[in-house]
Amino acid sequence: MQHNQVVRVAMVPGSHQSGLVGMVGEDGTPEGPAQEVSDLAAAVTELERAGDVRWIWPSSARLYPDLLRAGARVARCHDIELTGSLIRARDQDQAEPPAISAAAARLAAATAAWGSHTREQLLFAGDEAAPVDPRCAWTDVVDVHAHQVARIAADPHPAKFGLLAAAESAGGLAAAEMTAAGLPWRADVHDRLLTEVLGPRPPATAGPPLRPTRLAELAAQISETLGAVRPVNLDSPVQLLRALAASGVRVSSTRTSVLRQVDHPVIPLLLEYKELARLNSANGWSWLDTWVSGGRFRPEYVVGGVVSGRWASRGGGALQIPRLLRQAVIADPGWTLVVADAAQLEPRILAALAGDRAFAQTAMSGDLYEAVAAAIGGERKTAKVALLSAMYGGMGGDGGRSLALLRRRFPQASAFVERAARAGEEGQVVRSVLGRTCPLPSAAWLSLTADSVDPDEDRDPGAGAAARARGRFTRNFVVQASAADWAQVLLATLRNSLAEMSAPDLGQPHLVFFQHDEVIVHSPAEKADEVVAAIDAAALTATSLVFGATAVTFPMATAVVDCYSGAK
DNA sequence: TCAACAGGCGCG
DNA sequence: AAAGCGCGCCTGTTGA
């Protein structure tokens, strides 16, 4: 990457379209007073054109959607909200300077007022929403930014933690851009899929929505098969359990996995009902009405919404799109979807984290699970379960034997996750490769697991279970959070290279979806090959930025398709 | 009447 | 003996 001089510009919005902008140095020291601009979006665009800018602002989630709507795109930023979360998670035991806390609190309150989706709330907020003085907000931005820069520099690994903050900030930009772009979604295809399996869309009524015909049929058949005297509400696990028991079907729960083990004529009907009822309630016509408009599904991503650094989402269950409905994700005419996922990301991350040479050697293979199977002598499926057990802390099934084999064959990788588990059990925190820190144990956990003062008094019987649960959490955290680090650096890198692809006649390839270890780029068909290459390059860049030199490879499984369901 | 909880299941 | 990690969101149930 070419590093030109990047200037830092602190900015806050003012009333109407105005705003305040002012340059600060690398360390955050202001280089003069803030200037007022009457059209903030225009000023942003102009400065972006003039050179490389890092915008220092309170929150991309609150500010960037409005700028995007006004046609302003920014290349990079320092997101005070996201960076602050990273720093606070790391410095949990240290008090922040009161002046910084106060400034951050004022900014948080101000950003709530700026947030575009809270506009309506503001109308009713009355005098609770104090007017924000932009001059004060700008000074707060400058002060908090300077403090954050210093706190990043104070990290034991400042380059890595700095990379984390930069990637997280870039993630915030990518998230807002993806919401603005939307995931191409064909409502007609979705409707056809629903109609095929559920029957035609029930007509709207004043009361609760009618049940689709197929669900009604199944419910009737199930009641009949069970010989129920009165109709059973199949959506109530309690009622269903009772009805099953009355017909001699004794099960511990109504979970699909439990029902599958039962041989009874009602079971296939129930399984079909559960699957279709889920589709209808989670992603049925009402979901379609609510979340898809203008041929796009626009979820809100919550960057840093998971403690591990994975993104969460708000509204529409964006990170749980059922496989069936991926058939409705179709590129615009003349465009294509480049769907890429990092193959077996988490075990590869573990290999790189642990510096386990034997495991790294194995992880150079295209199919990691197959290679592990060969290494420990067994089936691919067994190897996969054993590896996942090692990372999740499970001991289930016949995994015990394979787990022992893994431990012998890959001692360093095993020791790495075991160490993380021990730390968690002892109430310590663990960090990802770039320095994202897991939360401290709760007060409840501490009192539950604390050794009793009186040696005669028995420990709470739940203490061991709680300690082991936290051990499983920290064991998984080091892997899941490091995978999130890697994926977010990839996303940030890819976002940059896509922005540099000029396709004036065709349109710009752009990110439309990001799900933990998978990205989708909506691209003019002619640009697809270039996008595929950019994705491979981004994976290489992410690997070297995050891990430095490592033998572990991170292959991307990439498909160029018209329809999302055509990928793998 | 509404909020919190439980059971369940979609995704990685 | 039992148990694996992280989420969001739906419906039904419970209790203030």
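Just so we're clear, the structure is a prediction, and the values are computed from it rather than from any experiment. So you know, we letter chains A, B, ... as the sequences are listed, proteins then strands, and number each from 1.
- Contact check of residues 211-225 of chain A against DNA chain C (heavy atom, cut-off under 4.0 Å) returns no residues at all.
- A donor-acceptor contact under 3.5 angstrom links the side chains of A:Y273 and A:D235, judged on distance only.
- A:T437 and A:R431 are linked by a side-chain donor-acceptor pair at a separation below 3.5 angstrom, with hydrogens and angles left out of the test.
- A donor-acceptor pair shorter than 3.5 Å cannot be found between the side chains of A:Q327 and A:S565.
- Between chain A and DNA chain B, the heavy-atom contact criterion of under 4.0 Å yields a 5' to 3' nucleotide range of B:dG7 to B:dG12.
- Note that CG of A:L368 and CZ of A:R380 are 9.0 Å apart. Values are rounded to the nearest 0.5 Å.
- Atom CD of A:Q412 sits in a crowded spot, with more than 12 heavy atoms from other residues, nucleotides or ligands closer than 6.0 Å.
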**Prompt:** Step by step, would you call A:V329 with A:F513 a side-chain contact (heavy atoms from CB on, under 4.5 Å)?
**Reply:** CA-CA 11 Å; A:V329 180; A:F513 194 58; over 6 Å; no
**Prompt:** How does DNA chain C look in dot-bracket form if you count Watson-Crick and G-U pairs under 3.5 Å, write [ ] for pairs that cross, and put | where a base pairs with another strand?
**Reply:** ....||||||||||||
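- A:I321 comes within 4.0 angstrom of the backbone, heavy atoms only, and of no base.
- Within a 6.0 Å radius of CZ in A:R422, more than 12 heavy atoms belonging to other residues, nucleotides or ligands are found.
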**Request:** Summarise how protein sits on nucleotides 6-16 of chain C as a single string, 5' to 3': B when a protein heavy atom is under 4.0 Å from the base, S for sugar-phosphate-only contact, - for no contact.
**Result:** BSBSSSSS---
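- Note on A:R470: nothing from the nucleic acid sits closer than 4.0 angstrom, heavy atoms only.
- With both ends at atom C1', the span from C:dA2 to B:dG10 equals 26 Å, rounded to whole Å.
- Here the shortest heavy-atom pairing between A:Q480 and A:S308 reads OE1-OG, 2.6 Å.
- Using atom P as the reference point in both C:dA3 and B:dG7, the two lie 14 Å apart (nearest Å).
- For the pair A:S247 (side chain) and A:V249 (backbone), a donor-acceptor distance under 3.5 Å is absent.
- Contacts between residues 172-195 of chain A and DNA chain C, counted as heavy-atom distances below 4.0 Å, involve no residue at all.
- Tested against A:R475 for a salt bridge (charged side-chain N to carboxylate O under 4.0 Å, His left out), the candidates A:E425, A:E346, A:E418 yield a single pass: A:E418.
- Residue-level contact check: A:R323 touches the backbone only, with heavy atoms under 4.0 Å from sugar-phosphate atoms and none from bases.
- The closest donor-acceptor contact from the side chain of A:E518 to the backbone of A:Q515 lies at 3.5 Å or more, if one exists at all.
- A:T474 places a side-chain N or O within 3.5 Å of a backbone atom of A:G471 that can act as its donor or acceptor partner.
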Identify all side-chain donor-acceptor contacts of residues 438-447 of chain A below 3.5 Å with residues at least two apart in sequence or on another chain.
unit_1, atom_1, unit_2, atom_2, d
A:S442, OG, A:W445, N, 3.1
A:W445, NE1, A:A466, O, 3.0
A:S447, OG, A:A444, O, 3.2

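- Minimum interatomic distance between A:A342 and A:W486 (heavy atoms only, all atoms of both residues): CB-CZ3, 3.7 Å.
- In A:E379, the CD atom is not crowded: 12 or fewer heavy atoms of neighbouring residues, nucleotides or ligands sit closer than 6.0 Å.
- Regarding the sugar-base torsion, C:dG8 falls in the anti class, its angle being beyond 90° of 0.
- Outside the 6.0 Å centre-distance limit, the rings of A:W285 and A:H190 are not counted as a close aromatic pair.
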